Amino acid sequence: MRRIENIEVAWIMGEIADLLELQGESVFKIRAYRKAAKAIASLATDLSELASRGELETVPGIGKAIAGKIAELFNTGEIEYYENLKAQVPPGLLEVITVPGIGARMAQELYQKLGISSVDELEAAARGRKIRGLPGMGNKTEMNILRGIEMLRSGTGQVTLGIADAMAEAFTGFLKSLPGVEEAGAAGSARRMKDAVGDIDLVVGSYEAERVIEIFVKHPQVKKVLAKGDTKARVVTLAGIGIDLMVVGPEQYWTAMHHFTGSKEHNVRLREIAHKKGLKINEYGVFRRDDDTRLPVAGEADIYTHLGMEYIPPELREDLGEVEAAMNGTLPDLVETGDIKGDLHIHSDWSDGVNSIEEIVGRAVEMGYEYVAITDHSKSLGIARGLSVERLEEQERYLRELNEKTGQIEILTGIEADILSNGDLDYPDEILAAKDIVVASVHSGFRQEREKITGRVISAMKNKHVDIVAHPTGRLIGRRDPYAIDMEEIFAAAVKYGTALEINASPDRLDLNDRYVRRAAELGIRISINTDAHDINRMDEMKYGVATARRGWLEKRDVLNTLGKEELLDYLKK
DNA sequence: GCCGTTTTCGGCCCGACTGTTTTCAGTCG
């Protein structure tokens, strides 16, 4: 039978939740399916393996009933319960509820009264002013529906962390410059440093909420105002990115920041714990339930202290075990940007980079690094001006000389060796042996079958000169899916051959992703965080790689390039 | 449907904004 990916199971669970909602089922049952979908989507291990071992119920959020349905899916290729549900609900309604502003109740009402069962029919009805006749709906409802359909079709999807981070920073600066604003900052998934961000959340501490909101919605980058109230506003920028703004009193800034940083699942867990302790948490503070006394909160750490747990950094707030760890005092001591001692994957103008080696070295010195590796492309990557054997040897000599002269930083001679479609590397062993560091990666044959591309990378890992596999899954966020590579096999090979795996820090890649990073670290695999910069300005993107490492629960000791110069050179010799 | 330092039954986070209402339901985060 065809292989069923985790994400497909998650989609089915989400769809069951939608179908149940359209049937008016219990909100708790719906929530249970949604929670299971989320849990499955963020699982790094193969669900099919868990199923074959009968361990589905070890996943928090999966109980007896859902485990049974997943097992059924793997055994028979379908879930009878799900098929029955689909048969009972007009299929177009699932599409209708994807329109922002339309939920299950409205979709049901529109179907029963007007027979609407597709987005096209919904649009026609709104344009034909047929909806305003329904109870509780008016002409503004029709406008909202049309706006929602437009948003849906314009594909207000997600943007990379790099884009979101830059935009959040720009708006934060703008808000800070306004009179009456005491504090401003970005919250939401951008603060949690997720690799893809749906919209930007901003929090402002000010006593003049109305004034701040009025100016905010008039910002030249704002294309549309979706909502505007006393304390909140929601807009869409010209670039099509949604921004939510929340303004609170300065003394509520940190509880609001915490609330809007999320994740939602993390917050729910905290509120449940608060509830049991006789407390209540919302965006305005931490309160005693009995008399509404407000407990002092001078920073986010105080919130966790009131709940009797360790401070949880934003990158971990996903309800993936961090709450339990914080209560037990077993949170990881996360790696920090300052722990990074060098960048092991950089391109110069010898291949397709824009800067000279001297410029790269200069920037590395500025960043306080102890070492930097020059890893230009190998010969078969003609499009990237990959180096011939002669050019490579010439560069090698050049780098050795420069290293003598420079002194203040170790320049490692390296190569990003292409893994050819048959699994061979781009140069013979004696060439690779001469390099301080060999980074191997796939740049072609992205569509190879799972076995083939997996075996190809593993055969490269068997080569004792290969130190790191770069961007192991090949994904480009929002633009190109990962190859069909079997990461469990790659992890096993990394353990067997002692190969490090890369977190490519470019916000276009962030590959490995957070989940794989965590899984790899559990298996004891060394991770290297590299920028793959083709431009010295992008050496600053190290912070995104470190953030991804933190999201994967990595400590300093898990990361190869936190080693000092001597330790790293020793490591590379082995 | 899930879950268990109050529980194997009975809970299950909390609030803002909107539109169409005269007090609230629906939607969203």
Side-chain angles (χ1 to χ4, degrees), chain A residues 13 16-17 20-21 24-39 56-70 81 96-110 131-145 147-148 151 187-189 198-203 209 213 225-235 242-248 252 255-256 258-287 289 307-308 319 323-324 327-328:
Chain A
M13 293 302 135
I16 290 176
L20 291 172
E21 198 168 12
E25 255 285 2
S26 145
V27 291
F28 299 110
K29 193 166 169 176
I30 294 161
R31 191 181 297 171
Y33 275 100
R34 292 246 157 82
K35 198 168 180 182
K38 270 256 179 187
L56 286 170
E57 286 181 62
T58 61
V59 179
I62 298 182
K64 201 168 179 157
I66 291 180
K69 292 185 176 76
I70 295 171
Y81 177 73
V96 170
I97 58 172
T98 63
V99 176
I102 305 276
R105 296 299 296 268
M106 267 179 89
Q108 262 310 347
E109 179 80 3
L110 290 165
I131 291 171
R132 60 184 64 183
L134 267 46
M137 300 191 203
N139 58 337
K140 289 212 173 169
T141 312
E142 287 170 351
M143 300 253 301
N144 267 341
I145 286 170
R147 191 172 69 185
M151 280 174 60
S189 52
D199 56 14
I200 293 169
D201 295 284
L202 301 173
V203 179
I213 286 171
V225 180
L226 299 179
K228 182 161 78 81
D230 296 337
T231 60
K232 281 184 181 178
R234 182 168 172 70
V235 304
I243 303 186
D244 283 343
L245 172 69
M246 165 86 181
V247 186
V248 294
Q252 297 160 331
T255 42
H258 181 268
H259 174 84
F260 285 99
T261 296
S263 69
K264 191 176 178 222
E265 291 76 18
H266 177 85
N267 287 351
V268 168
R269 288 297 307 282
L270 293 194
R271 287 183 210 143
E272 283 168 1
I273 290 162
H275 198 105
K276 285 173 188 157
K277 287 185 177 291
L279 301 173
K280 180 178 75 170
I281 298 180
N282 59 29
E283 49 266 64
Y284 305 108
V286 181
F287 304 89
R289 295 195 84 82
L307 297 178
D319 191 24
V323 173
E324 290 75 9
M327 293 206 286
N328 300 332

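Protein chains get the first letters and strands the later ones, always in sequence-line order, with residue 1 at the start of each. Computed from a predicted structure; not experimentally measured.
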Result block: side-chain N/O donor-acceptor pairs under 3.5 angstrom for residues 278-286 of chain A, not counting sequence neighbours:
residue: A:N282; atom: OD1; partner: A:Y284; partner atom: N; Å: 2.8
residue: A:N282; atom: OD1; partner: A:G285; partner atom: N; Å: 3.2

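OP1 and OP2 of B:dA16 both lie 4.0 Å or more from every side-chain N or O belonging to A:R234. Put simply, A:K280 has a side-chain N or O that comes within less than 4.0 Å of OP1 or OP2 on B:dG15. Regarding contacts with the backbone of B:dC14, a side-chain N or O of A:R289 is found under 4.0 angstrom from either OP1 or OP2.
Along DNA chain B, the nucleotide closest to A:G101 and the one closest to A:M246 are compared, and the more 5′ of them pairs with A:M246. The residue among A:I281 and A:A107 whose nearest nucleotide of DNA chain B lies closer to the 5′ end is A:I281.
The C1' atoms of B:dC12 and B:dT6 are separated by 15 Å, rounded to the nearest whole Å. Rounded to whole Å, the P atom of B:dC17 lies 22 Å from the corresponding atom of B:dT22. Distance noted for atom P between B:dT8 and B:dG4: 13 Å (whole Å). Taking atom P in both B:dT23 and B:dC28, one finds a spacing of 25 Å when rounded to whole Å. With both ends at atom C1', the span from B:dC14 to B:dC9 equals 25 Å, rounded to whole Å. Separation of the C1' atoms belonging to B:dT27 and B:dT20 is 15 Å when rounded to the nearest angstrom. For B:dT5 and B:dG1, the P atoms lie 23 Å apart once the distance is rounded to whole Å.
Among residues two or more places apart in sequence or in another chain, the side-chain contact (heavy atoms from CB on, under 4.5 Å) test is passed with A:V27 by none. A:R34 pairs by the side chain to side chain donor-acceptor pair (under 3.5 Å) definition with A:D18, A:E21, not counting sequence neighbours. Judged as a salt bridge (Lys or Arg N to Asp or Glu O under 4.0 Å), and not counting sequence neighbours, A:R105 has no contacts. Shown here are the side-chain contact (heavy atoms from CB on, under 4.5 Å) partners of A:Y81, two or more places apart in sequence or in another chain: A:I16, A:L20, A:K29, A:Y33, A:K69, A:I79, A:L85.
With rounding to the nearest 0.5 angstrom, the CG atom of A:D201 is 9.5 Å from the CD1 atom of A:I243. Atom CD of residue A:E25 and atom CD1 of residue A:I30 lie 6.5 Å apart, to the nearest 0.5 angstrom.
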Under 3.5 Å between N/O atoms: give me all the protein pairs with nucleotides 17-21 of chain B, atom names plus distance.
residue: B:dC17; atom: OP1; partner: A:D230; partner atom: N; Å: 3.2
residue: B:dC17; atom: OP1; partner: A:T231; partner atom: N; Å: 3.0
residue: B:dC17; atom: OP1; partner: A:T231; partner atom: OG1; Å: 3.3
residue: B:dC17; atom: OP1; partner: A:K232; partner atom: N; Å: 2.9
residue: B:dT18; atom: OP1; partner: A:K228; partner atom: N; Å: 2.6
residue: B:dT18; atom: OP1; partner: A:K228; partner atom: O; Å: 3.2
residue: B:dT18; atom: OP2; partner: A:K228; partner atom: O; Å: 3.1
residue: B:dG19; atom: O3'; partner: A:T141; partner atom: OG1; Å: 3.3
residue: B:dT20; atom: OP1; partner: A:G138; partner atom: N; Å: 2.4
residue: B:dT20; atom: OP1; partner: A:G138; partner atom: O; Å: 3.2
residue: B:dT20; atom: OP1; partner: A:N139; partner atom: N; Å: 3.4
residue: B:dT20; atom: OP1; partner: A:T141; partner atom: N; Å: 3.4
residue: B:dT20; atom: OP1; partner: A:T141; partner atom: OG1; Å: 2.9

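Look at B:dT8: it lacks any Watson-Crick or wobble partner with both distances under 3.5 angstrom.
Residue-level contact check: A:Y33 touches the backbone only, with heavy atoms under 4.0 Å from sugar-phosphate atoms and none from bases. Counting any heavy atom pair closer than 4.0 Å across all strands shown, A:I102 reaches sugar-phosphate atoms only and no base atom. Among the heavy atoms of the strands lying under 4.0 Å from A:K69 are primed sugar atoms or P, OP1, OP2 only; no base atom is included. A:G61 comes within contact range of the sugar-phosphate backbone alone, with a heavy-atom separation under 4.0 Å but no base atom that close. Nucleic acid contact class of A:L270 (heavy atoms, under 4.0 Å, all strands): none.
Rounded to whole angstrom, the span from the CD atom of A:E272 across to the P atom of B:dG11 amounts to 15 Å. The separation between A:I145 atom CD1 and B:dT27 atom P is 10 Å, rounded to whole Å. Atoms CG (A:D319) and C1' (B:dC2) sit 13 Å apart, rounded to a whole Å. Atoms NE2 (A:H275) and C1' (B:dT7) sit 14 Å apart, rounded to a whole Å. Rounded to whole Å, atom P of B:dT5 lies 7 Å from atom NZ of A:K276. Whole-Å rounding puts the A:K29 NZ to B:dG11 C1' distance at 17 Å. Note: CG (A:D199) to P (B:dC28) measures 13 Å, nearest angstrom. Put simply, CD on A:E324 is 9 Å from P on B:dG4, counting in whole angstrom units.
In this structure, A:E57 contributes its side chain and A:A67 its backbone to no donor-acceptor pair below 3.5 Å.
Centre separation under 5.5 Å together with a plane angle under 30° holds for the ring of A:F28 and the six-membered base ring of B:dC12, marking them as stacked.
A salt bridge links A:R234 to A:D199: one of the charged nitrogens lies within less than 4.0 Å of a carboxylate oxygen.
The side chain of A:M106 sits closest to B:dG26 out of B:dG29, B:dG26, B:dG15. Considering only the side chain of A:E283, B:dG15 comes nearest among B:dG1, B:dG15, B:dC12. The listed nucleotides are B:dC12, B:dG29, B:dG15; the one nearest the side chain of A:Y284 is B:dG15.
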